[in-house]
Amino acid sequence: MSMTNTDTFIALARTDFPPGFVWGTSTSAYQIEGARREDGRVDSIWDRFCEQPGRIRDGSSGSVACDHYHRWPEDLDLARALGTNGYRFSIAWPRIIGDGHQPNQRGLDFYDRLVDGMLERGLQPWPTLYHWDLPQLLQDRGGWMARGTVHAFVDYVDAVTRRLGDRVAQWITHNEPWCTAMHGHMDGMHAPGIRDVASALQASHHVLLSHGLAVPVIRANVPGARVGIALSLHPIHPASGSADDAAAAHRHDGLRNRWFLDPLFGKGYPQDVLEALRDAAPRIEPGDVEAIAVPTDFTGLNYYFPEAIAAAPGTGPLHARVVHREGVERTAFGWEVAPSGMLGLLRRIHDEYGPRELYVTENGSCYDDEVTDGQVHDAARTSFLVRHLAALREAIAAGVPVAGYFAWSLLDNFEWAEGYTRRFGLTYVDSATQQRILKDSGKWYRDFLHGAAPVANFPQTP
Ligand code: FCB
């Protein structure tokens with residue numbers, strides 16, 4: 001990379017971050033485990049979705065994925081070798097639900113072993129209870145559109161936290177309710193592939209309610225529990241200086257961000273969004289809004305990219321559309337690269353909502369990696385990582401109580417509707433042989449975490 005006068009170069013050291021900071025990587029069950037039919041696992045909505053032609057870009061599924069169900073000791077060894085002290089993973093509800101009446105002990109046994117494996121390696125377990133793999137049998141009863149799923153979730157959480165709560169203090173209820181609701185039920189890009197605004201909004205309410213009702217159950221089962229939720233949030237900018245675009249950006253921010261943050265922090269659903277949604281607004285029963293506002297111990301931020309928004313009368317309930325900005329740095333997925341966006345979001349959450357603690361529960365990038373002589377030279381991903389860690393350091397210096405960072409992802413994995421075409425890992429995974437190769441970005445993270453304080457020669461971008 002050539003040096004120009006305007007470039008500034010970043011030096012980062014682990015000691016720049018507070019003592020006790022949690023350094024981790026993040027994964028999710030359906031994306032890595034495979035073992036679709038083992039030990040009493042039932043189908044999830046993703047198993048079915050992947051069987052529908054045209055849903056997954058490469059026609060693949062998570063039936064084998066990274067075969068983590070069998071290779072987990074090797075994968076946890078990788079996490080330990082990186083020098084991480086925390087590991088975020090998800091528990092597959094389809095492994096636990098059993099016949100719908102009794103939890104499946106063999107599924108619980110797997111997570112029992114996995115958690116012990118983490119503790120043996122000095123990795124603090126950070127389970128997510130729902131990372132999109134709803135059991136199909138619950139979908140058949142209406143899925144997240146049905147209120148019954150809220151109670152089924154609470155029963156499932158009860159079973160898991162009773163079993164693992166003696167060793168696991170941190171619990172994340174949901175991963176990215178926006179995606180569960182909107183990708184699952186509005187644009188249909190994700191399972192269960194429904195395209196209906198009212199269904200999406202009803203699903204979002206039930207997901208939030210299930211969070212609110214699960215938190216006290218976790219606290220009752222786990223002494224000293226620390227509970228939170230992981231949200232996908234985006235900095236939203238108007239595409240132009242026009243008043244119309246500014247208003248559209250505000251509405252879009254309403255559904256992307258405030259629709260989740262406001263009720264979780266006791267402000268109720270945003271009035272402007274409810275008005276824009278009209279008949280599509282969800283049915284909310286007395287007590288729901290109070291239940292959702294249950295105090296939590298931390299908020300997880302999954303940060304990937306900002307969005308520019310223009311007014312678009314007639315498109316969707318918000319009359320807003322995402323504008324593709326020219327001349328902006330992007331990953332291979334087309335997502336804008338903007339470390340300052342993460343800084344801005346962390347400050348905003350802290351200023352406007354004041355969570356006790358924040359964790360970056362996901363952040364990462366996808367590039368078209370190739371293996372050359374047994375190595376993966378992914379300088380762009382290292383640059384992405386370094387620049388986001390520099391932004392994180394700035395947020396902490398500005399007084400935002402960020403207490404941990406989890407890189408997405410430990411492994412290349414099944415990237416939902418994109419199948420295996422999008423590599424996000426610090427470790428390269430060859431799907432055919434299941435061989436793992438630590439990428440240069442993973443080596444950088446490892447050296448940084450081992451205190452080698454590598455100076456990263458990457459120009460800082462806005
Ligand atoms: C997030 C998801 C995660 C992964 C990354 C790239 O939205 O939580 O499972 O797919 O995006």
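Order of appearance sets the numbers: ligands from 1, and atoms from 1 within every ligand.
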[atom]: the protein heavy-atom neighbour that sits closest, reported with distance to 0.1 Å:
atom: atom 10 (O) of ligand 1; answer: Glu415 OE1, 2.7 Å
atom: atom 3 (C) of ligand 1; answer: Glu362 OE1, 3.4 Å
atom: atom 7 (O) of ligand 1; answer: Glu176 OE1, 2.6 Å
atom: atom 5 (C) of ligand 1; answer: Tyr304 OH, 3.3 Å

Ring-face cation contact, [Y] with [X], 6.0 Å cut, 45° max:
X: Arg226; Y: Trp171; answer: no
X: Arg423; Y: Tyr428; answer: yes
X: Lys267; Y: Tyr353; answer: yes
X: Arg422; Y: Phe333; answer: yes

Backbone or side-chain N or O of [X] under 3.5 Å from ligand 1 N or O:
X: Trp416; value: yes
X: Asn175; value: yes
X: Trp132; value: no

Side chain to side chain donor-acceptor pair (under 3.5 Å), paired with Arg88, selected from Thr27, Thr25, Asn175, Thr361:
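So, applying the side chain to side chain donor-acceptor pair (under 3.5 Å) to Arg88 and each of Thr27, Thr25, Asn175, Thr361, only Asn175 qualifies.
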How are the rings of Trp335 and Phe305 set to each other: parallel, tilted or perpendicular (split at 30° and 60°)?
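Trp335 and Phe305: tilted rings.
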Side chain of Lys439, backbone of Gly425: donor and acceptor closer than 3.5 Å?
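Between the backbone of Gly425 and the side chain of Lys439 there is a qualifying donor-acceptor contact (under 3.5 Å).
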For Arg422, which part has a heavy atom under 4.0 Å from ligand 1: side chain, backbone, both, or neither?
neither
Only heavy atoms of Phe424, strictly under 4.0 Å: list the atoms of ligand 1 that pass.
6 (C)
What atoms of ligand 1 come within less than 4.0 Å of a heavy atom belonging to Gln31?
3 (C), 4 (C), 9 (O), 10 (O)
